[in-house]
Amino acid sequence: MRKPVFPDASLLRVNDGAPVKVTFVQTRSNGHMVGFYTLDAGAFHDIRILFPNVGDTLIPNVSSVFLGNRLTGKTPVFFVVENGNTLNRDAAWFNDAAAGRNGFWLFLKRPEETDAAPVLEQGEIVWQKNGETVEPAVAADSGTPAPVLVWQSNSGRIHMPKGRVFHSFGYGLHPEMNPDAAHRFLLTPQEENASVALNFLSDAAHPEKPEITLNLQIGERNFQALTRNRIVNAALPVPDQTISSATVRIPDEFEDTLYLDGFEGQQSLPAAGTVFSIETAGNVLTLTGEGTPAVYEALLSCVKIRTEASAPAKSPVSVTYQTASGEIVRSGESDILSDSVLPSPLLTGLPPVKQPAAVKPLPEGVFTPAEPQDELPSFLTRPVAAVEPVEPKPQPKSGAKTALVTGGARKIGAEIARALAAKGCNVIVHCHTAAAEAARLVEELRRTYQVKAAYFRADFSSYDETADLVESVTKTYGAPDILVSCATVAAAGENPQGWDECSAVNARAPFILLRSFARALPKGKSGCFLAVFPRPADELSVNAFSLSGIGGLVEMAARTLRDNVRVNGVDFPEKGGDADTVRRVADAVCFMAQTPVVSGQVLHLDAEKRK
């Protein structure tokens, strides 16, 4: 028997928290890149690369990726970057981007200006041409023509991979999403292992020769919900010409009814530049509006039969098309089974079409895992760990302050960054050699506290790099509201190198950073500078000498900059690296940052907690 083919792959929608396994099956050529994201209310979430190089590096029917159980209520979308690995693998940024390290993927709307490039400016992505900003970047949504895929690194750079991008969602109601508006993905249910085959076509005219085939294991319940009660299972071909209306009929003797899944209660539906009317009357459903065969394929694939059949049965289905050449009737049979027999209606059709709305920033997705409910094979469920229910995480607040924490990748600096993020601050982490730790911390801050985070590298033994740090941060993310100077060094011995390094990092760097910070603040805006440093020991040493001037800098700068910068300090015992001291330093920084009436003070933390 002919397997049903669902032309619009957006029919795949998992609602029961079952883990989804994606397995590579075959490809006709090497070098393509396969990615994934979810759509929720028209917005893109959880964008990632599944297979950076589809080809000889993958083992057919073995190489797999688990999407986990985070798809509840969302539309999973797959995309292919044509020759994406071949065209981009030599770029320095590509390895991190392909692995999802040290940054994140975004989809943007195309700029009106041709040859414009995306750049991070004042904390927002903008399009620039010849070094001039021409327009702000806007997050793409489900109706965006040919969205632009970009990689934003944690260091603040934006990269556009080469290669055309094709979306499994980009057909039917949203042909504009694919560069050629062609039918590039086919979704075919497989009767074994509760799975569906997702085929990517290099040539839409030859669906029998897919360029890439993936197998999606979705769980028995989702598979049954997908394959039953859809009239598309009746294998009714859509006429290859412009259609003005389509009327679907089923017998009326069994009291079965028709409905447009995902659009119940709607009398009209905007799609592909046309507003289609929807009329339902029990066993008859009519769609009216001039559209291409692709649009009607997408709409009709959402038509389902609501039935009370308690056992698997067949229902006759007919579709009458009105075309320029006259009336065309197609007939067939569809599998039906009452929804009450299924555990729940777990898959729905196309999600509601997103209506035009005000531009919103592109947030990163927040997913709440749920335990799998399907009885899946052990090899599928084993990697998915059960999780305890979690409280909803705070969403980013508009107008949140931005903090720059120098020496923020490790130890006390990292804990200060976490504490500020927990208070709702966006955080920029400075590091020198600890780039890997900074990148991991940035990912942690974004994931745990739902704030914006990034990192910058600078060597404070270099005058130029020290002087450029605040300017570079301001140019990329805007002037920070808070600057925490936490980077210090200790010389191993009194030698010329030790003197130079301690003098540069412990004495010169706080001074340069504070002065640059004050100059970067826009007119009328106030800032907060906090110097965090180990208390100088009572000894004549290069370390003690280089640290002893920080207290004087705090007092002097508080008077000089009293109109727009509050300057304070926090010192702690030289050997205060224990967890309790680290936590108290972070708490003290947050307290001083939130206290608007204090300036020119150094808060001394004792070695032991006071009673």
Side-chain angles (χ1 to χ4, degrees), residues 400-431 437-438 441 444-445 448-449 451 453 480-490 505-507 509-511 513-514 517-518 526-538 543-544 546-559 561-562 565-611:
K401 292 183 180 297
T402 298
L404 169 60
V405 182
T406 70
R410 297 172 175 167
K411 300 178 182 178
I412 289 178
E415 194 61 28
I416 290 172
R418 293 185 184 98
L420 290 169
K423 297 292 185 181
C425 289
N426 300 319
V427 179
I428 299 169
V429 176
H430 155 265
C431 67
E437 291 94 329
L441 177 61
E444 176 190 339
L445 299 180
T448 304
Y449 304 107
V451 298
D481 303 275
I482 302 167
L483 197 162
V484 181
S485 175
C486 193
T488 59
V489 296
V505 177
N506 297 344
F511 177 86
L513 292 169
L514 174 54
F517 174 60
S526 60
C528 172
F529 178 90
L530 285 158
V532 178
F533 57 100
R535 187 177 308 129
D538 293 329
N543 296 328
S546 62
L547 292 169
S548 62
I550 298 179
L553 173 65
V554 168
E555 183 180 352
M556 174 184 67
R559 294 193 302 270
L561 304 174
R562 59 183 176 274
V565 182
R566 290 187 296 110
V567 183
N568 291 294
V570 176
D571 72 12
F572 54 91
E574 188 177 19
K575 304 297 183 181
D578 60 281
D580 182 67
T581 300
V582 169
R583 179 186 56 79
R584 289 194 293 132
V585 170
D587 290 344
V589 167
C590 291
F591 168 77
M592 299 292 273
Q594 294 176 315
T595 307
V597 296
V598 177
S599 189
Q601 303 299 312
V602 176
L603 182 63
H604 305 289
L605 295 184
D606 294 337
E608 296 183 1
K609 203 172 182 178
R610 293 185 177 182
K611 303 296 184 183

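All figures in this text were calculated on a predicted structure; none of them were measured in a lab. Sequential numbering from 1 along the given sequence is applied to the chain's residues.
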Problem set entry | Results of side-chain hydrogen bond (donor to acceptor under 3.5 Å, both in side chains) for Asn506 - residues two or more places apart only | Ser546
Problem set entry | Residues which pass side-chain hydrogen bond (donor to acceptor under 3.5 Å, both in side chains) with Asp571, listed by chain and number, not counting sequence neighbours | Arg535, His604
Problem set entry | Residue list, side-chain contact (heavy atoms from CB on, under 4.5 Å) with Asp481, at least two apart or on another chain | Lys401, Thr402, Lys525
Seminar exercise, completed: Those residues at least two apart in sequence (or on a different chain) that pass side-chain contact (heavy atoms from CB on, under 4.5 Å) with Ala453 are Val442, Leu445, Arg446
To the nearest 0.5 Å, tell me how far [X] [atom1] sits from [Y] [atom2].
{"X": "Leu404", "Y": "Ile482", "atom1": "CG", "atom2": "CD1", "result": "10.5 Å"}
{"X": "Ser485", "Y": "Phe533", "atom1": "OG", "atom2": "CZ", "result": "9.5 Å"}
{"X": "Phe529", "Y": "Leu553", "atom1": "CZ", "atom2": "CG", "result": "6.0 Å"}
{"X": "Arg566", "Y": "Leu530", "atom1": "CZ", "atom2": "CG", "result": "7.5 Å"}
{"X": "Lys423", "Y": "Tyr449", "atom1": "NZ", "atom2": "OH", "result": "11.0 Å"}
{"X": "Ile550", "Y": "Thr488", "atom1": "CD1", "atom2": "OG1", "result": "7.5 Å"}

Extract all donor-acceptor atom pairs below 3.5 Å that involve side chains of residues 406-417 and protein atoms in other chains or at least two apart in sequence.
residue : atom : partner : partner atom : Å
Thr406  : OG1  : Val484  : O            : 3.4
Thr406  : OG1  : Cys486  : N            : 2.9
Thr406  : OG1  : Ala487  : N            : 3.4
Arg410  : NE   : Glu437  : OE2          : 3.3
Arg410  : NH2  : Glu437  : OE2          : 3.2
Glu415  : OE1  : Arg418  : NH1          : 3.3

Seminar exercise, completed: Between Ala419 and Ala586 the two heavy atoms that sit nearest each other are CB-CB, 3.9 Å
Below 3.5 Å, can you tabulate the donor-acceptor pairs from side chains in residues 587-597 to any protein atom, sequence neighbours excluded?
residue : atom : partner : partner atom : Å
Asp587  : OD2  : Arg583  : NH1          : 3.2
Thr595  : OG1  : Phe591  : O            : 2.6

For this session: Given side-chain contact (heavy atoms from CB on, under 4.5 Å), test Leu483 with Leu514 step by step and report yes or no.
Result: CA-CA 8 Å; Leu483 197 162; Leu514 174 54; over 6 Å; no
For this session: For residues Val602 and Asn568, determine if any side-chain heavy atom of one lies less than 4.5 Å from a side-chain heavy atom of the other.
Result: no
For this session: Check whether any side-chain heavy atom of Phe572 lies under 4.5 Å from a side-chain heavy atom of Val582, and answer yes or no.
Result: no
Exercise. Do side-chain atoms of Asn426 reach the backbone of Val451 as a donor and acceptor pair under 3.5 angstrom?
Worked result: no
